[in-house]
Amino acid sequence: MTLHGLGLRRVAALSGVNRQAVANLLAGNSWPDVATLSRLEDGLGVGLYPGTNDPGSMHC
């Protein structure tokens with residue numbers, strides 16, 4: 001995130017995922033469900049699931 005200049009609040013705003021949920025994911029304290037993963041991918045414009053380059057919703 002910091003490589004792209006994105007903080008927790010910005011990632012939360014872009015994706016619609018709660019800031020604390022993003023913090024917990026980054027700290028390894030929780031795992032995202034499919035809906036959260038999709039929102040993060042769409043908000044950031046990248047694929048986060050292994051083996052993907054584009055957000056998953058682009059393939060639906």
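Counting from 1, the numbers follow the sequence of the chain as shown.
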Look at the side chain of Glu41 and the backbone N and O of Gly47, then say whether any donor-acceptor pair between them is shorter than 3.5 Å.
no
Heavy-atom pair with the smallest gap, counting every atom of Pro32 and Leu37:
CB-N, 4.2 Å
So which pairs with a foot in residues 22-35 pass side-chain hydrogen bond (donor to acceptor under 3.5 Å, both in side chains), sequence neighbours left out?
Gln20-Asn24, Asp33-Thr36
Kindly determine whether Asp42 and Leu14 satisfy side-chain contact (heavy atoms from CB on, under 4.5 Å), including the steps that lead there.
CA-CA 8 Å; Asp42 288 344; Leu14 289 171; over 6 Å; no
Checking side-chain contact (heavy atoms from CB on, under 4.5 Å) for the pair Leu6/Leu44: CA distance, chi angles, key distance, verdict?
CA-CA 10 Å; Leu6 297 175; Leu44 297 172; 3.8 Å; yes
Got Leu26 and Val11 here, is their nearest side-chain heavy-atom distance under 4.5 Å?
no
